[in-house]
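Step one of this worksheet: look at the structure below.
Only heavy atoms go into these numbers, but all of them, side chains included; no hydrogens, no water, no symmetry mates.
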Amino acid sequence: MKITHVFILISSIVLLSSCTNDEAVNNLSSFSLNYPSNNEQEIVPGFQFRWEKSTNATRYELYIGNTSETNDIVLTDITDTLKTVNDLRYGKTYFWRVVALDNQGNSRSSSTSTFETKRNYTVMDASFYIPQLDRSRKISIYLPPNYNNESISYPVLYMHDGQAIFAAENDTLDEWEVDDTLDRLYQEIGFNLIVVGIDNNQQGNERTNEYSPWISTGNIIPSTAGLGGLGDEYVEFIVKTLKPYIDTTYRTLSDKKHTGIMGSSMGGLISCYAGLKYPDVFGKMGVYSPSFWFSEGGAYELANTNSKLVGDSKFYFLAGDSEATIIDFPKDVQKMIDIFIKNGISQDHIAKNIVVGGTHEVYLWRDGFEETIKWLFID
């Protein structure tokens, strides 16, 4: 749920150099910056900036920056004392000030003030129990901006590596910006989607173990020998524990046509596996830079057996042509697509995006997210 954020603050006024005499200063009265309070604000896209009127002011300028010395957003010729800005990010700190001007070119500025935007997703459960693996995991959820204002139900996308899809855990990590993208799509085209983020297991090699039902022999990359093998239990957790909870707790469209799963790298492997293993549950698969190599042929064997069962499921494959020297991700993706087509999956239900120069990094997956979501969920 996205709520326009609110703060009340009074700032001291300083005179800019354009005010040349005492009369000019008096022509423009001091004014106060303020936000409406949270409980007064409707749930709408964008952040609303409010300030009091300065006597004799005919227009205002709004300056917003990531630091007190920067002006990343400059809005001029504002005639009201209210301005909605849609270009801000959630979970960030911003600095802002307002300048009042009159017809003689005199100006008076507020001092710079700061505010922090809250995230527009929530941690559903910091320690959600996984009975299939006898361990717990943080689960985060993004709800559409109009979720609390409507009584309709929404499609759901389950995503792996939850630490990075909404907000990176620290400033040194990149994020997919899933929430920012979906907020913008809501504003632009009214698109709505619930996203459930499942944190990966950061203990040792457990992420790799959980994201593959196959155990690696290390034939391709020796360091992976013995890893994997818990993918069945992990996907069963999503299907039999997490999804039923989400469907009973939130207003969801629970059928396969409105249920998707997405991930990258090992997350791409397990997403494709989930779509093949549970074709009646998942109908939308986002398969990014899939580590098909890890299965050492197992993923292709499963596709040969189960791709006949997927019916009208949709698969969106994304890979970069510069992801690795040992693994040819585009070639692996094409091999899987060839198996799908051979077994009767319609070409209309398969999308492939090979990014020239794309490397095995978050930016590749983040930049492809919007197109993928539109293709998977918008008929």
Side-chain angles (χ1 to χ4, degrees), residues 1-120 144-146 148-149 177 179-191 370:
M1 179 174 69
K2 178 163 81 172
I3 298 178
T4 303
H5 302 290
V6 172
F7 304 83
I8 306 253
L9 50 95
I10 306 294
S11 70
S12 60
I13 307 301
V14 297
L15 181 63
L16 293 185
S17 58
S18 58
C19 298
T20 58
N21 53 55
D22 292 340
E23 182 180 358
V25 173
N26 292 330
N27 285 340
L28 286 167
S29 65
S30 61
F31 59 101
S32 300
L33 302 178
N34 63 75
Y35 285 102
S37 63
N38 280 334
N39 57 12
E40 295 173 350
Q41 195 58 212
E42 294 181 3
I43 302 170
V44 294
F47 291 82
Q48 290 189 338
F49 293 80
R50 294 177 183 268
W51 56 92
E52 293 181 357
K53 178 176 174 57
S54 175
T55 302
N56 295 323
T58 57
R59 64 192 189 280
Y60 300 90
E61 296 175 345
L62 174 62
Y63 296 83
I64 306 171
N66 289 311
T67 71
S68 59
E69 285 77 35
T70 59
N71 295 314
D72 301 293
I73 298 175
V74 179
L75 302 175
T76 61
D77 293 325
I78 304 170
T79 57
D80 197 1
T81 56
L82 167 67
K83 187 64 177 179
T84 299
V85 179
N86 293 319
D87 298 330
L88 303 185
R89 295 273 307 279
Y90 288 85
K92 302 294 182 181
T93 298
Y94 288 98
F95 297 80
W96 73 296
R97 65 188 178 95
V98 173
V99 175
L101 302 100
D102 65 15
N103 287 330
Q104 286 71 49
N106 302 308
S107 60
R108 185 182 283 268
S109 174
S110 72
S111 61
T112 300
S113 296
T114 185
F115 67 95
E116 182 178 355
T117 59
K118 297 180 181 178
R119 277 284 172 181
N120 56 340
N146 66 341
N148 286 343
N149 291 348
E177 300 178 6
D179 49 338
D180 300 273
T181 300
L182 291 177
D183 281 337
R184 180 169 48 77
L185 289 178
Y186 170 75
Q187 296 173 34
E188 294 174 353
I189 61 175
F191 177 71
E370 178 178 342

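The structure places CG of D72 at 11.0 Å from CZ of F95, a figure rounded to the nearest 0.5 Å. In this structure, CD1 in I73 is found 13.0 Å from CH2 in W96, a value given to the nearest 0.5 Å. One finds the OG atom of S107 at 12.0 Å from the CG atom of N27 (value rounded to the nearest 0.5 Å). Rounded to the nearest 0.5 Å, atoms OG1 (T84) and CZ (F49) are 9.5 Å apart. Taking CG of L182 as the reference point, atom CD of E370 lies at 9.0 Å (rounded to 0.5 Å). A distance of 4.5 Å separates CZ in R59 from CG in L101, rounded to the nearest 0.5 Å.
Between the side chain of N71 and the backbone N or O of Y63, no donor-acceptor pair lies under 3.5 Å. Between the side chain of T67 and the backbone N or O of E69, at least one donor-acceptor pair lies under 3.5 Å.
When all heavy atoms of L33 and S111 are compared, the pair lying nearest together is CD1-O, 4.1 Å. Nearest approach of L28 to A100, heavy atoms of both residues: CD1-O, 3.8 Å. Here the closest non-hydrogen pair linking I78 and K83 is CD1-CG, 4.2 Å.
Side-chain contact check for S29 versus N56: every heavy-atom pair is 4.5 Å or farther apart. Inter-residue side-chain proximity for F31 and V98 is flagged as met; some heavy-atom pair is nearer than 4.5 Å. With contacts defined as side-chain heavy-atom distances shorter than 4.5 Å, the pair L82/Q48 qualifies. Contact check for V85 versus L62: side-chain heavy atoms found under the 4.5 Å cut-off.
Relative ring orientation between Y60 and W51 is described as perpendicular, the plane-to-plane angle rising above 60° on a 0-90° scale split at 30° and 60°.
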